[in-house]
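First up is the structure itself, then whatever we jot down about it.
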Amino acid sequence: MKLTILRNELNEAIQHVSKAVASRTTIPILSGIKLEATNTGLTLTASDTDISIQSFIPMETPDKTIGTVEKTGSVVLPAKFFVEIVKKLPHEEVHLEVGDRFQTMITSGATEIQLVGLDPEEFPVLPTVQEDQVVSIPGDLLKDMIRQTVFAVTTNESTPILTGVLWNLQEGVYKFVATDRHRLASRTAAIEMYDVRFSNIVISGKTLNELAKIVPDQNVMVDIVVADNQVLFKLGNVLFYSRMLDGTYPDTSKIIPQTFKTELILNTKQLSDAIDRAYLLSREEKTNIVRLMTTEDGGIEISSSSSELGKVTEQLAVTELRGEPLKIAFNSKYMLDVLKVLDSEELFIGFTGAMSPIIIKPRDNENSLHLILPYRTTN
């Protein structure tokens, strides 16, 4: 293999695929990035068996020449060094040449680096995905749906299915759900693709966080291909493969109350700031407990205490308060996680009693819903 390529283009592709490099592995080849040069371009691939990412760099685009391939071929280079080396090369052009026993010479300006490559034949073959079920979704919408649900997955590996986000598509409505049994986040979006449906697709939260880093901020369409046990995301010249989690996701619909004894409408930022201040003390107790109670003047009081530091109490005005007086305690960290991802100026909070789930929704739309279980406290 012998080629010359623009450093920035190579570096961008490396940054994409390096997210799939196995950090700890007993299989040495998985700690590398596979490079394959053909007459049309250079393909980079990395995999940790759960996810695989492939990025293609064409040698020619309509507006510029990116590189030239003198000799086709392939090699696997150690990702840890290759990622850092390319980033720090001095010249805008990089020359790659693979010699005997996969010894690879990287030249840029006056800099020459020799890397010991590995046999590309040992690199795992990417999964074959039948493109029967394909959904197109705007990239910014996909990122929003991930951001507004992924924080609620569990980190406890004893329930592997809950480390992922559940995806369903029925009647043109896409729905993501995540729960760790103490809280729940769900987000829906109408995408008007009535001929495609799927259910019980569960994708690891870690995988979705990596995917969100690759999806561009500008409005590009992402094609999502759902197969037997794999999901493929197509983002221009980048292919992102993810294995689905095995198992059946629990039915969470029954725990969401439909009617409320107490209802609040209030400013999202004001509530977030007040709970953030209360969290400072509750954090010291290692409990994160913050209390919320309605007041006689039609507002609410937020409070928390620390046996060593003291107490914080704050009165908040609300836009609307309906129903019974209420006193409830909850995990302030869970509430802050929700308030960070809500894009609405005002929110609705529904309560059905001191020991029943708390429901939080943006006031201006019905596309997201968050649930937090309260704490039982002695006072």
Side-chain angles (χ1 to χ4, degrees), residues 133 135 137 141-142 144-156 158-205 207-208 224 226 229 231 244-265 322-323 326 328 330-331 334-335 337-344 347-376:
Q133 298 258 69
V135 178
I137 183 170
L141 174 60
L142 177 61
D144 273 348
M145 293 182 75
I146 292 171
R147 177 176 61 90
Q148 292 174 346
T149 52
V150 75
F151 66 87
V153 302
T154 186
T155 53
N156 187 342
S158 64
T159 49
I161 197 75
L162 296 185
T163 63
V165 178
L166 171 69
W167 290 24
N168 283 316
L169 175 59
Q170 304 291 334
E171 304 296 332
V173 176
Y174 220 157
K175 185 173 185 180
F176 288 16
V177 176
T179 182
D180 62 4
R181 297 194 193 281
H182 303 289
R183 56 179 168 173
L184 177 144
S186 84
R187 174 72 155 87
T188 58
I191 59 168
E192 296 179 0
M193 292 189 72
Y194 297 97
D195 54 335
V196 180
R197 341 174 139 218
F198 49 74
S199 57
N200 202 51
I201 305 295
V202 185
I203 303 175
S204 156
T207 296
L208 291 175
I224 302 170
V226 178
N229 65 343
V231 181
M244 295 177 200
L245 295 182
D246 295 326
T248 302
Y249 206 84
D251 181 6
T252 56
S253 60
K254 297 181 179 67
I255 65 168
I256 299 169
Q258 301 302 314
T259 57
F260 305 101
K261 293 179 179 176
T262 310
E263 297 181 355
L264 277 178
I265 292 173
R322 295 188 295 265
L326 173 82
I328 197 166
F330 53 85
N331 185 318
Y334 289 176
M335 181 65 84
D337 284 345
V338 172
L339 298 176
K340 278 179 200 163
V341 301
L342 284 183
D343 298 327
S344 176
L347 66 143
F348 166 91
I349 309 183
F351 309 88
T352 50
M355 288 316 301
S356 298
I358 302 165
I359 297 295
I360 306 126
K361 295 191 280 190
R363 193 187 180 191
D364 55 8
N365 63 62
E366 291 290 317
N367 61 21
S368 69
L369 179 146
H370 298 272
L371 178 151
I372 299 172
L373 293 180
Y375 275 137
R376 187 184 297 279

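- Under the 3.5 Å distance criterion, the side-chain polar atoms of Gln133 are matched with a main-chain donor or acceptor of Arg197.
- If you take CD1 on Ile372 and OH on Tyr334, they are separated by 9.5 Å, rounding to the nearest 0.5 Å.
- Counting heavy atoms from C-beta outward, Leu347 and Leu339 have side chains that approach closer than 4.5 Å.
- Between Phe198 and Tyr174, the ring center distance clears the sub-6.0 Å criterion.
- The CD1 atom of Ile203 sits 7.0 Å away from atom CZ of Phe176, with the distance rounded to the nearest 0.5 Å.
- For Leu342 against Ser368, the heavy-atom pair with the smallest separation is CD2-OG, 3.9 Å.
- Between Trp167 and Val135, every side-chain heavy-atom pair lies at or beyond the 4.5 Å cut-off.
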Where do Leu169 and Ile191 land on the side chain to side chain contact (heavy atoms under 4.5 Å, CB included) test, with the steps shown first?
-> CA-CA 9 Å; Leu169 175 59; Ile191 59 168; 3.8 Å; yes
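- Neither side chain, Asn156 nor Thr154, offers a donor N or O lying under 3.5 Å from an acceptor on the other.
- Separation of atoms OG (Ser253) and CG (Leu184) is listed at 10.0 Å; rounding is to 0.5 Å.
- Between Met355 and Tyr375, the shortest heavy-atom contact is SD-O, 3.8 Å.
- Here the side chain of Glu263 pairs no donor or acceptor atom with the backbone of Lys261 at under 3.5 angstrom.
- Between the Asn200 side chain and the Tyr249 main chain, a donor and an acceptor come within less than 3.5 Å of each other.
- Here the shortest heavy-atom pairing between Ile328 and Ala354 reads CG1-O, 3.6 Å.
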For Arg187 and Asn367, run side chain to side chain contact (heavy atoms under 4.5 Å, CB included): C-alpha distance rounded to whole Å, both residues' side-chain angles, the deciding distance at 0.1 Å, then the answer.
-> CA-CA 6 Å; Arg187 174 72 155 87; Asn367 61 21; 3.4 Å; yes
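- Using a distance-only test at 3.5 Å, with no hydrogens or angles considered, a donor-acceptor pair links the side chain of Asp180 to the main chain of Arg183.
- The two residues Pro160 and Leu245 make their nearest non-hydrogen contact at O-CD1, 3.5 Å.
- With values rounded to the nearest 0.5 angstrom, Leu142 atom CG is found 5.0 Å from Ile224 atom CD1.
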Check the pair Phe151, His370 against side chain to side chain contact (heavy atoms under 4.5 Å, CB included), reporting the backbone distance first and the verdict last.
-> CA-CA 11 Å; Phe151 66 87; His370 298 272; 3.7 Å; yes
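- In this structure, CG in Asn229 is found 7.5 Å from CG in Asp246, a value given to the nearest 0.5 Å.
- Taking the six-membered ring where the residue is Trp, the centroids of Phe348 and Phe260 are separated by under 6.0 Å.
- Taking 4.5 Å as the limit, some side-chain heavy atom of Thr179 sits within range of a side-chain heavy atom of Leu162.
- In terms of heavy-atom proximity, Ala178 sits nearest to Val153 at CB-CG1, 3.9 Å.
- Considering only heavy atoms from C-beta on, Ile359 comes within 4.5 Å of Pro257 through its side chain.
- The shortest distance between side-chain heavy atoms of Ile358 and Ile349 falls below 4.5 Å.
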In sequence, state the C-alpha distance, the side-chain angles, and the governing distance for Ser186 and Thr188, and then conclude on side chain to side chain contact (heavy atoms under 4.5 Å, CB included).
-> CA-CA 7 Å; Ser186 84; Thr188 58; 5.5 Å; no
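- Using a 4.5 Å heavy-atom threshold, the side chains of Asn331 and His182 count as separate.
- A distance of 8.0 Å separates CG of Asn168 from NZ of Lys175, quoted to the nearest 0.5 Å.
- Scanning both residues, Leu141 and Ala189, for their nearest heavy atoms gives CD2-CB, 3.9 Å.
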